[in-house]
Amino acid sequence: MIVADDIEKARAIRLRDTERSWGFVPTMGYLHEGHLSLVRRSVEENERTAVSIFVNPTQFAPDEDFERYPRDLDRDLVMLKKEGVDLVFTPQAKSIYTEDFQTTVKVQEVSKPLEGRSRPTHFEGVATIVAKLFNIIEPTRAYFGQKDAQQSIVIRQMVRDLNFNLEIVVCPTVREFDGLAMSSRNVRLSQEERAAAPIIFRTLQLTAQMIEAGERDADRLRAFMQESIAIETMARVDYVSLADADTLRELSHLGGTVLISTAVFLGKIRLIDNVIIDVDTA
Ligand code: AMP
């Protein structure tokens with residue numbers, strides 16, 4: 001496994017193996033089983049796998065947790081080596097964003113609702129760094145997690161719009177034993193916050209069950225989600241949403257494929273989760 005913190009070195013490794021298929025998993029590090037599920041899928045489906053570890057400053061707003069985001073590169077590298085990863089790209093922010101940096105990628109409509117409403121600059125930061133990483137690694141396939149559903153949609157749109165020559169693969173959300181979606185941020189939860197956190201997925205599951213039982217009124221379901229999460233007094237809902245899974249437009253009457261999603265604050269930690277349900281066959 002080669003670790004490259006230099007853009008030219010990472011490129012050179014990639015170009016040494018230009019005839020082979022390369023899978024790529026972009027991450028912000030502090031790896032867990034969710035990340036590793038993407039890595040394993042990439043190792044299975046490609047002759048070579050590259051992983052990037054970069055806590056991208058431009059996708060954090062000034063009041064967010066960039067400084068406090070957990071980091072442990074040595075531990076991450078041990079985990080990746082065990083999985084058979086070929087290249088780990090660990091760039092420094094100053095080489096990614098040089099002093100005269102002035103180009104960004106903004107995916108318009110699908111960046112606006114949900115996460116985009118709460119974090120208006122987030123997806124421009126994400127799209128720009130992912131575009132740069134795609135240009136550096138030139139992967140055959142790139143792997144993303146369903147946990148960040150809107151991120152996958154934004155990236156797919158960017159790939160279509162800008163003609164990136166690669167395939168996007170979205171992998172299922174990996175969860176803790178009690179349903180909490182794995183996230184690097186979970187380690188920052190206090191014991192009490194961690195105990196309250198499973199309400200997020202439980203609420204998503206109960207909402208899906210109500211839809212399966214025939215409920216189609218989105219306002220009633222959104223009200224239910226609010227109330228269900230509020231059972232945990234520590235939890236503060238940022239948003240609850242029932243949206244079309246492709247366009248992310250909020251629904252009034254459910255039909256088609258529906259993204260049930262939420263963002264919840266537990267103390268200072270903001271967690272997101274979602275499930276997708278095909279209403280017509282539910
Ligand atoms: P991050 O390091 O949080 O930027 O995540 C890197 C990639 O891992 C993204 O594509 C995430 O969607 C994905 N990911 C994070 N958590 C999970 C999870 N619990 N299950 C599956 N994929 C995940």
Side-chain angles (χ1 to χ4, degrees), residues 23-45 49-60 64-66 68-73 75-77 79-80 83 85 88-91 93 96 110 114-115 119 122-134 137 139 141-159 166-189 194 197-198 200-201 204-205 245 259 261-264 269-276:
F24 175 47
V25 184
T27 83
M28 299 203 298
Y30 211 76
L31 303 179
H32 52 65
E33 282 293 319
H35 297 111
L36 296 184
S37 73
L38 273 51
V39 170
R40 287 177 195 136
R41 177 93 180 257
S42 171
V43 169
E44 248 170 59
E45 294 182 352
T49 287
V51 175
S52 63
I53 297 177
F54 180 59
V55 186
N56 175 38
T58 66
Q59 70 192 65
F60 291 80
E64 291 180 350
D65 58 351
F66 173 71
R68 291 178 307 275
Y69 196 85
R71 294 161 169 89
D72 190 342
L73 182 59
R75 173 175 158 279
D76 289 348
L77 293 179
M79 292 166 88
L80 293 177
E83 301 298 333
V85 167
V88 186
F89 181 44
T90 59
I96 290 288
V110 288
L114 304 172
E115 288 299 286
R119 309 180 71 190
H122 175 66
F123 285 119
E124 190 171 344
V126 170
T128 303
I129 188 62
V130 171
K132 285 171 68 73
L133 292 169
F134 284 175
I137 305 293
R141 298 183 189 86
Y143 294 80
F144 292 87
Q146 176 58 35
K147 192 196 139 239
D148 299 278
Q150 190 175 10
Q151 171 168 279
S152 303
I153 291 170
V154 168
I155 298 300
R156 267 192 207 286
Q157 186 73 42
M158 177 187 82
V159 164
L166 54 88
E167 184 190 334
I168 299 293
V169 182
V170 179
C171 305
T173 302
V174 178
R175 300 181 179 281
E176 301 285 358
F177 69 97
D178 55 6
L180 175 64
M182 288 195 178
S183 162
S184 306
R185 289 188 170 98
N186 291 352
V187 295
R188 300 195 51 229
L189 296 169
R194 176 64 187 82
I200 300 170
F201 182 53
L204 295 171
Q205 278 182 308
L259 179 72
S261 67
T262 183
V264 174
I269 314 301
R270 185 173 178 281
L271 300 177
I272 58 171
D273 200 355
N274 68 84
V275 300
I276 286 192

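In this text, all values refer to a predicted model and were calculated from it rather than measured experimentally. For ligands, and for the atoms within them, numbers begin at 1 and follow the listed sequence. Only this structure's heavy atoms are used, side chains among them; waters, hydrogens and symmetry mates stay out.
The backbone N or O of E124 lies less than 3.5 Å from a partner atom in the side chain of T128, making a donor-acceptor pair. In terms of modelled atom types and a separation under 3.5 Å, the side chain of S261 and the main chain of D273 share no donor-acceptor contact. Judged by distance alone, with hydrogens and angles left aside, the side-chain atoms of N274 form no donor-acceptor pair with the main-chain N or O of T262 at under 3.5 Å. A donor-acceptor pair under 3.5 Å is formed between the side chain of R141 and the backbone N or O of E45. E33 contributes no side-chain N or O that, together with a main-chain N or O of V174, makes up a donor-acceptor pair within less than 3.5 Å.
Applying the side-chain contact (heavy atoms from CB on, under 4.5 Å) test between I272 and each of I200, L114, D148, V264 identifies D148 as the sole match.
Sorted by chain and number, the heavy-atom contacts of ligand 1 below 4.0 Å come from P26, T27, M28, H32, G34, H35, L38, Y69, F144, G145, K147, D148, Q151, P172, T173, V174, M182.
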